[in-house]
Structures are given as C-alpha cells and as structure tokens.
Amino acid sequence: PPRDRAGTPSFRTILSALTDIWTDRRQEVEEQASELARAIATGSGSGPGTASPNSERSFLTALERTAETAAPAGAVSTTMNEAAAARCPRLLVGAVEDIARRFDPDWGGFGRAPKFPQPTLIDLVLRYVEQLPVGPERTTVLHMATRTLDGMAAGGIHDHLGGGFARYSTDDRWLVPHFEKMLYDQAGLLQAYLHAWQVTGSRAYLLVVEGIAAYVERDLTQASGGVASAEDADSEGVEGRFYVWTPGEMAEALGRSDGEATGSALSEIIDFYGVTEHGDLDGRSVIHRPIGAPLTGDEGVQRARRVLLGARARRGRPGLDNKVLTEWNAMYAAVLAEAAQATGRASWRARAVAIGEFLSGHLVTDQGRWLRVWQPEGGARVLAYAGDYAWLTDCFTHLYELTGDSIWFDRATSVADGLIAHFADEERGGFFTTGSDAESLIVRTKDLFDGATPSANAVAARSLARLGALSGVQRYEDAARSVVDQMGDVLTGRPAAATHLLITAELLLNGFTEVVIPGTRMDLVNAVHRRWLPASVLAWGDASGSPLMNGREEDRAYVCFGRACQLPADDVDTLLTQLVGKGPSDRTDPPHRRQPDVAER
C-alpha cells in the first residue's frame, strides 16, 4: 500500500529499509545470499545420488550382480536375458502397486479431481502387462489402463467432434475439462492409446489415435510445417464456449444440413452426445459418451458429427499459441513415427518426417547449436535446453527406424553428442537443464522428476539407451546409466515419481534386442514395425546408417542380443519365431498386429 497500515508496511517503507540494509549490512546480506544459493544447489541442482555407472555404488550394477547370483546356471534366452527378467518385479512391481493404490475403479485415472491424463503411468502399466502371462493378475493390472483410457475417451476431456484432448478434467468423471489443448498432451495420449491398441486390439483405441492425429494436422499444424504449441481454453471471452452446446444450438446446426437430421433422428443424435436442457457447464452441455458405449454411432450419427464439426468451425475460435517448441514438436513427431510404423499410414509417416525436416531446417544454428522456439513473425531464438536435445535424439532415432534413411541416424548421433557435450554433469551424472554455454544462473538445476511430461533426464536416458543399442557406442549407454544410478533411491523408494526413467532402467537391465535388416525387404521390415517391441531397436535400409549393418548380407534379417546374433532369417515366419519366440503353428497374431493391406493403409 502507499502508506503504512496495521501489519503491512508501505512500499516506501520497504524501499527505505532495503536501502539501509544495502548500505549498512551489505556483507551480511551477501553472505546470506551465498548460503541461500548453496541451499538451492543442494536441494535441486545435484541430488539425489552420486554413483557413477561403473562404481561399486552403482544402482544398476548392484541389481545386475544380484540377478546373476540368482539366475539358474546356463540360462540362455534368444529374445531376452532371463536372469535380467527376474529383476523386473524389483523395479516395476512397486510402481504398479503405488499406481494401483491411487487408481479410481469407477471412472479410471489416478487420484482425485482435478484429474490429469498421466499417459506415462498408463504406459508403464501396459509395459508391465506385456511381461505377465495370461491370467487373473494380467487382467487386473490391464484393467487399470483400459478403464482409464475408456473413461477419458468417453468423457468431455476428449473432443468427440474434432479429436484431441483438453488439458485436464475438473471433476472425477472426466466430464468438464479445462478446455485448453496442449501439443504435449496430444503426443503423450496418442502414444498411450496406440500402445493400448497394440496390446488389446481394441478398434476404439485406434479411433482415438486417428482423432488426435487429425486434430493436430487440421488445427495445430502451420503452413511452415511446424506444429503450434497450444489452443486457449477461452473463446468469445468465455471458457469452453467453442466446445459446448445446448439442444437448440445442436438442432439449429443439424436443421441447416438439408434436413439430414429431423424429428426422432435429431433427438437420437442429441441423446447420443449427452446434450441436455440443464447442461453441464453454465446451461450448456459438454459432449460426452457413457463409459463402455461406442464412441461412434451409425452412418447417421457420423454424418451429424461432420455437420456439427462444420457448424462449430464457424464459431469464434480459441486463441492459438503459434510458438513452435523444439521439445514438443520432437515429442509429437517421435510418437507419430511410431504410429506410422504400427499402422502403415503413409500420411502419418510423411507428417512425422516433415516435422523432423522443419526442426532440422529452422531450429539449429550454422554452428550446430539447437534453439528452443520458433515463431513465424520472429524466427528461432533461445538456446535449447536438455529436454529439447533429449526429445530430438528420440525423434531422430524413431525417424531412422521408420524410414531406414541414414540421415536420421546421423542427426540422432549429432544431437546426442551435443546433449552430452553441453549438458552432462561429469561429476555426479545426469544432465543439467541449461547448457554450459547458456546464461549463468544461481545454480544449474536438473529436471529429474516427471510432471506433465516425462523429465528431461528420463527422456535423455531412454533416448541415449536406445541410440546406444542402435549404434554400439558405449558412451551413450554409460550416459543413460548415469541418470538411472543418480536416481536409484527414488526408483526403489518413490518409483511413481519417475515412471519414465523406471521403464528405461528396466530396459537397461534386461538389455535390448537388436534387429538388423540391411536393404529394403519391406515384408521383413513391416513384420517388425507392426509389433510393439519396446525392448527392441531396428536398423534397416541404407547401409551407411547404423554400424550394426556392417558385414551383414542384404535382404535378410538378423535378430541379436548383446551383439550375439542368430542365424539370418530370409522369411517373415522365421524372423517372428526368433523375435517373439513362437513358431508359425502356435503364433496367433490378433488382426491389429498383422500387416495392413493396401486399402487399410
């Protein structure tokens, strides 16, 4: 306040006090500032651990030795280290149990309102499910993922007309969202629904994936080729106004469509989308479906949906944040590349590649230093952070696995080298948030715990671990292990706080299966692409790409573990027998895991 009042000094009084302190007690203040800076460094810049990858105190090394002593003598596996498999429960069970304690059995999700999607938790559950045999435990664990995905897909947090998801739900039912749409949420949820489709074969999950991709392509992708960061929640000065409906508004929109929906048909469509007179938000309804009900109706409902989408497009749109962020674009392109592999969708492949090319053409300097943000009106600026470099490494690695083009492998290794050079903490392991060439702050902090997105260190560890398996470069794996070792106490004591890193730790312990297919035998490549194989990496195509292809015969597939390879396979059945451990007679692939025909693509 301008003048002193009871309990509150005026701004003038504060300025006078600061002047006196700075003049008369400057040394004391500077000493206190130094102590505060040291406290910040201790609390956020370095911890939690200190072990190096090869030290006796290494978290990973300790687990590996424990498993070796417990493994049966002479245990051999062609697809997975069986001694390592015994370690999975030590890492994953605790996290899954923690997730189960927070699971909402009625509506899905983890915790109470406001409810956030948390796709990383879903992905960890699916990863664990894939390692369980068919039986009651697998069914129970899988239910946590499917109930959550079903609840979100049915709720108002999901845009049933235009695709994509809002930021979070204000209630337990996923009904009334905060209507802002973020690119990173689209990326995380696209991946979660994609993996759920691959695990369960549910067509509903693939429809959600298609809706997310359609939304990003239609409403966020810019003429430049980059993808905008977000859409606002508000339009016409009201939150959610763009998305909500009254029965009258819906009837008016449908009545204009040449009489396509009248009378009982109109009532059916209004009921289908849960639109009522009293509404869910200020007298208007958020479009939603009951959990378990089909997300799409018959042709009449689909025709009405298209009409409603067109009518909605004529409303005042929410504001667009047109910033192209390197981290979020790389995240989305990596996931879309994975979806293109799994489905064979040529349009998704082209879009993932286009985003990668945009980033490579607009967000790196001539000296090779990556930048964080680009806007149409100002170009690129701000030195990239560790999260940008981590997701770029992941993105370019996935684009290499998708296309077989060595340029993406070269770009992945270049970015990984930059990540280590600019951000690695050589003393304690892991990666600082800002680069060594960035503005000096009070302390160089580290992003270690998952939030709305996986932490930068978790993404760095996973992308470097996968690239290490693809390239054979040991320092990439060592850098990944340093992150896991630094977080060892968290992974055992509070695993749900770092679930993305937990998955990487399990991958490093178990080891990767390397699949090598020199040349362009697309039947062999597609057999790998169509399956969710999270513990595998794929090198194929251009012989100048991954060193794994050196000395390999073209147009054959090599399945390797720890660089030890089985006999080359020259047909799909032999490849799949080596890869998934089943012969043609006992392998029953669900339809969603078979190669789509031309019409499906």
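What's counted below: heavy atoms across the whole structure, side chains too, no hydrogens, waters or symmetry copies.
- Here ring-ring contact (aromatic ring centres under 6.0 Å, His included) pairs that include residues 227-246, with residues two or more places apart or in two chains, are Phe179-Tyr243.
- Judged purely by atom type and a 3.5 angstrom limit, Asp388 uses its side chain to pair as donor or acceptor with the backbone of Glu327.
- Annotation: salt bridge (charged side-chain N to carboxylate O under 4.0 Å, His left out) contacts of Asp159 (sequence neighbours excluded): Lys181, Arg312.
- With sequence neighbours left out, the side chain to side chain donor-acceptor pair (under 3.5 Å) criterion links Thr296 to no other residue.
- Below 30°, between 30° and 60°, or above 60°: for His160 and His158 the angle between ring planes is between 30° and 60°, a tilted geometry.
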Is there a ring pair (Phe, Tyr, Trp, His ring centres under 6.0 Å) between Phe431 and Tyr385? Walk through the geometry before answering.
CA-CA 10 Å; Phe431 296 93; Tyr385 301 141; over 10 Å; no
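- Distance alone, capped at 3.5 Å, places no donor-acceptor pair between the Tyr400 side chain and the Ala412 backbone.
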Between Asp98 and Arg101, does the salt bridge (Lys or Arg N to Asp or Glu O under 4.0 Å) criterion hold? Intermediate values first, please.
CA-CA 5 Å; Asp98 186 24; Arg101 283 190 289 271; 3.7 Å; yes
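- Proximity of a side-chain donor or acceptor of Asp234 to a complementary backbone N or O of Gly237 within less than 3.5 Å is not detected.
- At least one donor-acceptor pair under 3.5 Å links the side chain of Thr148 to the backbone N or O of Gly109.
- Tyr193 and Phe165 have parallel rings, their planes meeting at less than 30° on a 0 to 90° scale where 60° marks the start of perpendicular.
- A heavy-atom distance below 4.5 Å is found between the side chains of Trp408 and Ser360.
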